[in-house]
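Input: a single structure, listed below in structure tokens.
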Amino acid sequence: MRIGYIGLGIMGRPCVLNLLKAGHQVRVWARNRDSAQALLDAGAEWADSPAELAGLVEVLVSNVSDTADVEQVLLGESGAVHGAKPGLVCVDMSTIAPNGARRIAAALAEKGVDFLDCPVSGGEIGAVNGTLTIMAGGRVEALEKARPALQAMGQTITHIGASGAGQVAKACNQIAVAVGVAAVAEIVKLARACDVDPAPVRAALLGGFAQSRVLDVHGQRMIDDNYAPGFKAKLHAKDMHIVSDTARDQGISLPAAERAMHLIDQLVAQGDGELDSSAIAKLIWQQN
């Protein structure tokens, strides 16, 4: 397929490489062309703007920071919408607000362009290995058209529902991770308070009903006191505020999610936003 890719950061670069490995023709655009050089050397081609890129491809993937960035590259002055032809499928793999995804989908639909909100889980490792979990919102027909591209980047592709539904699923994912990290930190805290080594406690729990990926990966991070980022706290904070805003819009309370969000916010506020979000364990351990 002819695929365009916008956003060549920690997730975008390996995704483009996997698209190239799968035999797709890939054109890229980023604000900083230097970030694309390794991909150009690997066989990707350059486009001078999102609008130009949109006119040359069948599927256009974006993977940027937040709702405003997605709106800018797709709907802004030189955005993809200005070069898009009817039938184009725009796939956004960023994590943004569900209502933002719905607004973007409606604006693109006026031009005959489909929009899929396809946030991912799996982090940099999943992007490198092409094993991302992809949560898709939008028309089934658009998803099927984009599927060959998505299969080069992800292992599990689930259609959640209409536009915005993918982002709702990602918000749910971020709740599970954030609250899970806090729970694992409390497990370690209780074990140490009782003069019990948390390492065999973790090993035992991994064999029972408490088993989880969060306990596996982040439990080991805590035991090793190693918070090199798999997922930076500042990004998790952004995602948890999407959770909080969405819950408020729906008139519901999510107390466990709110507590986890405040811990991550505190971590960022003290200058540790570049650490993995599991570093909130240190804050939990400091509390009485």
Side-chain angles (χ1 to χ4, degrees), residues 3 5-22 24 26 28 39 59 61-66 69-70 91-96 98 101 116-138 143 146-161 165-181 183-184 206 211-222 226-240 242-243 257 260 264 273-280:
I3 299 169
Y5 208 104
I6 296 172
L8 306 177
I10 194 171
M11 299 291 285
R13 284 192 295 271
C15 283
V16 170
L17 289 174
N18 283 326
L19 289 167
L20 290 168
K21 288 175 186 175
H24 297 294
V26 185
V28 299
L39 300 174
V59 173
V61 182
S62 52
N63 199 334
V64 293
S65 296
D66 55 30
D69 284 334
V70 178
V91 176
D92 181 51
M93 300 179 79
S94 318
T95 298
I96 66 174
L116 296 171
D117 51 291
C118 289
V120 303
S121 180
E124 183 182 5
I125 293 174
V128 170
N129 294 333
T131 57
L132 293 169
T133 293
I134 301 173
M135 310 161 223
L143 177 60
R147 189 175 290 276
L150 297 175
Q151 287 175 328
M153 299 180 284
Q155 190 171 50
T156 303
I157 303 165
T158 304
H159 182 245
I160 306 297
Q167 295 297 345
V168 171
K170 180 60 184 289
C172 293
N173 182 87
Q174 300 306 71
I175 293 172
V177 174
V179 174
V181 165
V184 172
L206 285 173
Q211 190 278 336
S212 73
R213 183 71 172 155
V214 173
L215 177 61
D216 184 8
V217 174
H218 294 303
Q220 190 63 54
R221 285 180 182 276
M222 294 174 199
N226 178 9
Y227 304 104
F231 184 53
K232 293 181 180 180
K234 66 180 183 180
L235 296 178
H236 205 162
K238 181 263 295 183
D239 293 355
M240 293 305 291
I242 290 174
V243 169
I264 298 171
E274 296 293 320
L275 296 180
D276 191 86
S277 63
S278 60
I280 64 169

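Here the structure is a predicted model, which is why all the values come from computation and not from measurement.
- With respect to D276 and R221, a salt bridge is recorded, a charged nitrogen being found less than 4.0 Å from a carboxylate O.
- Within the 4.5 Å cutoff, no side-chain heavy atoms of R13 are placed close to those of V16.
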**OP:** Show your working on side-chain contact (heavy atoms from CB on, under 4.5 Å) between L143 and I157 and close with a plain yes or no.
**Re:** CA-CA 10 Å; L143 177 60; I157 303 165; 4.1 Å; yes

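- A side-chain donor-acceptor contact under 3.5 Å links K238 to the backbone of T95.
- Here the OG atom belonging to S62 is positioned 8.0 Å from the OH atom belonging to Y5, to the nearest 0.5 angstrom.
- The line from CE of M93 to CD1 of I134 is 4.5 Å long, rounded to the nearest 0.5 Å.
- Side-chain contact between S278 and V214: absent, with no pair of heavy atoms (C-beta onward) separated by less than 4.5 Å.
- Of all heavy-atom pairs spanning L116 and A146, the tightest one is CD1-CB, 4.0 Å.
- If you take CE on M153 and CD1 on I3, they are separated by 6.5 Å, rounding to the nearest 0.5 Å.
- Using a distance-only test at 3.5 Å, with no hydrogens or angles considered, no donor-acceptor pair links the side chain of D117 to the main chain of A101.
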**OP:** In sequence, state the C-alpha distance, the side-chain angles, and the governing distance for M222 and V181, and then conclude on side-chain contact (heavy atoms from CB on, under 4.5 Å).
**Re:** CA-CA 10 Å; M222 294 174 199; V181 165; 3.9 Å; yes

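- For the residue pair A149 and L19, the shortest heavy atom distance occurs at O-CD2, 3.5 Å.
- Expressed to the nearest 0.5 Å, how far NE2 of H218 lies from CG of L215 amounts to 10.5 Å.
- A 6.0 Å sphere centred on CG of L206 holds more than 12 heavy atoms belonging to other residues, nucleotides or ligands.
- Here the CG atom belonging to L20 is positioned 7.0 Å from the CG atom belonging to L39, to the nearest 0.5 angstrom.
- Not one N or O on the side chain of K232 forms a donor-acceptor pair closer than 3.5 Å with the backbone of G273.
- With hydrogens and angles ignored, the 3.5 Å screen pairs no side-chain donor or acceptor of T131 with any backbone N or O of Q155.
- Atom CG of N18 is separated from atom CD of Q151 by 13.0 Å, given to the nearest 0.5 angstrom.
- Here the shortest heavy-atom pairing between Q174 and F231 reads NE2-CE2, 3.4 Å.
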Subject >> Full working for side-chain contact (heavy atoms from CB on, under 4.5 Å) between T158 and M135 >> reply: CA-CA 5 Å; T158 304; M135 310 161 223; 5.8 Å; no

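- Across all their heavy atoms, G138 and H159 have their closest contact at O-NE2, 2.7 Å.
- Between C118 and the choices D92, I160, V91, the side chain to side chain contact (heavy atoms under 4.5 Å, CB included) rule is met once, by V91.
- Listed here is the closest heavy atom pair of P119 and S94: CB-O, 3.6 Å.
- Here the closest non-hydrogen pair linking N63 and M11 is ND2-CB, 3.7 Å.
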